[in-house]
K.L.:
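One structure is given below, represented as C-alpha cells, and several questions about it will come after.
Remember, predicted model here, so these are calculated numbers, not experimental data. Protein chains get the first letters and strands the later ones, always in sequence-line order, with residue 1 at the start of each. Computed from heavy atoms alone, side chains included, the values below leave out hydrogens, waters and symmetry copies.
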2 protein chains.
Amino acid sequence: MYALQAATTQRAPRPKFSNTALGAIGTVSLFERNNTIFAEGDDADRAYKVVSGGVRLCKMMPDGRRQIAAFALPGDYFGFDWLGHHALTAEALNDTTAISYARNRLERLGDEDHDVRAELYATLRHDLWAAQNHLIILGRQSARERVTSFLVELIERRKGDNLSTIAVPMTRRDMADYLGLTVETICRELSALKREGVIAIPGRHAVIVHDEAALRRASMADD
Amino acid sequence: MYALQAATTQRAPRPKFSNTALGAIGTVSLFERNNTIFAEGDDADRAYKVVSGGVRLCKMMPDGRRQIAAFALPGDYFGFDWLGHHALTAEALNDTTAISYARNRLERLGDEDHDVRAELYATLRHDLWAAQNHLIILGRQSARERVTSFLVELIERRKGDNLSTIAVPMTRRDMADYLGLTVETICRELSALKREGVIAIPGRHAVIVHDEAALRRASMADD
DNA sequence: CGAAGTTTTGACGTCGATCAATCGCTGTGG
DNA sequence: CCACAGCGATTGATCGACGTCAAAACTTCG
C-alpha cells in the first residue's frame, strides 16, 4: 500500500507556464557550446527556458572539482531558483536556444497573476524534489546504480518519442560530475552494461536500451 | 571580488514567519525519540516548526540504506516542501516539541497574505539552497571534508550563543547517513581531529572547537 | 593529413567500507 | 547499591570499489 502510493505520488510534474502570461515577455537567446549563461554569484536578472540544446547547472570548488546539480533539457526552466543572486553556474552543453525572461517583469507578473505565481512555486518545488532524489544517488548508491539511475532518468525525461534510442546530449565528463564519479568509471559501467546486452552504444551521444527492465532493476528505483 | 560577493550573498537566510499571521493557527505537538512524525508518501496535511529537540528528514531505500536530506533544529520549519504528499520521512532525533500547522489553513493564509506567501517561498528557496550545497558534499568531498563541513554547519546554525562548545543532538549513525559515510568513518575522523587538537569530545552529544580556523580550512568552505 | 580533444581500456593504488572486538554509557531489577 | 543487559561509540585488521595514472583508439575539424 505504501509502496504503491509512493510510486504514484512521488513523481513531481515538470511545471508548464501558461503561454499566455509568460509568452509575451520572453526574448530568444542563443548560446554556443560551453558558453557560460550565468555564473554562481551573478545578479539574477534573467531566468530561462530551454528551447533546444541543453544546459548544465553546477557548482565549482576552488581546486576545480565540479558538481553538476542538474541538466536543463528542452522544455525545462532554469535560473528561477534564486531571486537575488544565482546559486549555480549555467553553461551550454551544446549550441543552445533559450527564451529569457527579465526578472523585474517576472516579479510583477508573479504579484499580479495567481497562475504565474503557482507555476513559479511549482518550478521551485520540482527543483527541490529533484535535488533530494539526487542526494540519495550521491550519498548511498554504487557506481552501477548511479549510471543506471541516470539512464532511467533520461528515459523518463524524453518527451513524446518512445524510441528505445535515447539522446545523451552531455559528455562523459558531464555525466561523471553529475553522478559524483570519474570519467573512467562512467566508461567502464557503460561498457559493462553493453557487454551484458542491456544497452548498445551507437555513438557518443546516444544509447540504445535493449532491456529497460534490467536497467530499472539495476537502478534500485528509489523507495 | 567574485569570492567576496559569493561569501556575502550565498548565505540563504533561514526564513522567519510573521508571528502575527501564523502564530494563531499553530498547535503544539510532542514527539518522543525516534518517533515518526510523517513518512514519505503520506498525505501532507500538516507542516511543522521545531521548538525544542530536533528532527531528521530522510529517504529510505528498500534494502534499508538511508540518506538524511536535512536536520531541522529549533526554529526551523519542515514539511512545507511538498503540498500534496511528503517527499521525505520526518523522525524525532530526541524528545521534541514542535508547532504544527494545518495545511488547509496554511493555504488559505498563503492566498490572502502577501507576507506569509513570501515566507513560504523563502522556506522552499532555503531548502533548495541547502540541498544544492549538500550535493557538492556528497558528490565531491572527502570524508575529512564532509565531517568538518558538518561541524562548521553546526557552528553556523547555532543561534545566539557564541560558546566554543557545540551541541550535537544526533547520533553518529545520523551523521553518517547525512554525510554519505559509515559510522566507523565518522568516529575515525572525529578521533583524528581530536588527536590533532582541532576539537575535543566531552561526550556523545557535544564537541568543543579549539581551532575553528583549521576546521574551516579542512572543510574547503565551498567556492 | 595532422592536431587536439574525447572516449575507452588496462594496471595499479588508495580511501573508505566491512568485519570483528572492546569499551563505556544508561537504565533496570535484585 | 551493584550486577547485568543492551545499545551506541570506538578502534583495529582486512578487503574491495572506485580513483589515479598511462596509453591507445576514435572523432572532429582545420
Side-chain angles (χ1 to χ4, degrees), chain A residues 32-34 56 61 63-67 91 93-95 137-151 168-196 199-207 218 220, chain B residues 32-34 54 56 61 63-68 91 93-95 137-151 168-196 199-207 218 220:
Chain A
E32 48 188 42
R33 191 165 130 79
N34 291 330
R56 60 176 169 257
M61 290 176 72
D63 59 3
R65 281 177 284 179
R66 187 176 71 161
Q67 177 62 47
E91 298 168 324
L93 294 173
N94 290 70
D95 292 356
I137 292 178
L138 296 182
R140 287 298 179 217
Q141 291 198 322
S142 67
R144 168 61 65 105
E145 289 168 338
R146 296 183 202 207
V147 171
T148 52
S149 293
F150 179 70
L151 292 176
V168 181
M170 61 291 290
T171 66
R172 299 289 186 260
R173 166 153 294 284
D174 291 328
M175 290 177 55
D177 287 343
Y178 180 73
L179 296 174
L181 298 170
T182 59
V183 175
E184 293 92 328
T185 300
I186 299 291
C187 278
R188 276 188 255 271
E189 290 301 334
L190 288 175
S191 298
L193 288 167
K194 186 171 73 176
R195 220 175 306 121
E196 294 161 21
I199 62 172
I201 307 174
R204 298 177 167 197
H205 295 300
V207 168
M220 286 253 111
Chain B
E32 46 189 42
R33 192 165 127 78
N34 291 330
R56 58 174 169 258
M61 290 176 72
D63 59 4
R65 279 177 286 179
R66 188 177 70 160
Q67 177 63 46
I68 296 180
E91 297 167 325
L93 294 172
N94 290 82
D95 292 356
I137 292 178
L138 295 182
R140 289 297 178 216
Q141 291 197 322
S142 67
R144 168 61 66 103
E145 289 168 336
R146 295 182 202 211
V147 171
T148 52
S149 293
F150 179 70
L151 292 176
V168 182
M170 61 290 289
T171 65
R172 299 289 186 260
R173 167 153 295 285
D174 290 328
M175 291 176 56
D177 287 344
Y178 180 73
L179 295 174
L181 298 169
T182 59
V183 176
E184 294 92 327
T185 300
I186 300 291
C187 278
R188 275 188 255 271
E189 290 300 336
L190 288 176
S191 298
L193 288 167
K194 185 171 71 176
R195 221 175 305 120
E196 295 162 20
I199 62 171
I201 307 175
R204 297 175 168 201
H205 294 301
V207 168
M220 284 253 109

K.L.:
Give the minimum heavy-atom separation between A:Ala143 and A:Thr185, together with the two atoms involved.
P.N.:
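Taking A:Ala143 first and A:Thr185 second, the nearest heavy atoms are CB-CG2, 3.7 Å.
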
K.L.:
In whole Å, I'd like the distance from the CZ atom of B:Arg140 to the C1' atom of C:dC15.
P.N.:
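Rounding to the nearest Å, CZ of B:Arg140 and C1' of C:dC15 are 15 Å apart.
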
K.L.:
List the steps and the verdict of side-chain contact (heavy atoms from CB on, under 4.5 Å) for B:Gln141 and B:Val147.
P.N.:
CA-CA 10 Å; B:Gln141 291 197 322; B:Val147 171; over 6 Å; no

K.L.:
Do B:Arg140 and B:Glu145 touch side chain to side chain, with heavy atoms closer than 4.5 Å?
P.N.:
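A side-chain contact is absent here, since even the closest heavy-atom pair is not under 4.5 Å.
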
K.L.:
Indicate yes or no: at least one non-hydrogen side-chain atom of B:Met170 is less than 4.5 angstrom from one of B:Arg56.
P.N.:
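B:Met170 vs B:Arg56: side chains apart.
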
K.L.:
Indicate yes or no for a side-chain donor-acceptor contact from B:Asp95 to the backbone of B:Glu32 under 3.5 Å, with no hydrogens or angles considered.
P.N.:
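A pair under 3.5 Å: no.
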
K.L.:
Using the salt bridge (Lys or Arg N to Asp or Glu O under 4.0 Å) rule, pick out the option among B:Arg146, B:Lys194, B:Arg144, B:Arg172 that qualifies with B:Glu189.
P.N.:
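Output: one option passes, namely B:Arg144.
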
K.L.:
Note the angle between the end axes of the helix from C:dC1-D:dG30 to C:dG30-D:dC1, five pairs defining each, rounded to 10 degrees.
P.N.:
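One end's axis against the other's: 30°.
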
K.L.:
Does the pair A:Leu190 and A:Leu151 meet the rule for a side-chain contact (heavy atoms from CB on, under 4.5 Å), with working shown?
P.N.:
CA-CA 10 Å; A:Leu190 288 175; A:Leu151 292 176; 4.3 Å; yes

K.L.:
Between A:Asn94 and A:His205, does a side-chain contact (heavy atoms from CB on, under 4.5 Å) hold up when you go through it step by step?
P.N.:
CA-CA 11 Å; A:Asn94 290 70; A:His205 295 300; over 6 Å; no

K.L.:
Once each nucleotide of nucleotides 9-18 of chain D is scored for protein heavy atoms under 4.0 Å, what B/S/- sequence comes out, 5' to 3'?
P.N.:
SBBBB----S

K.L.:
To the nearest angstrom, how far is B:Arg146 atom CZ from C:dA17 atom P?
P.N.:
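Answer to the nearest Å: 8 Å.
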
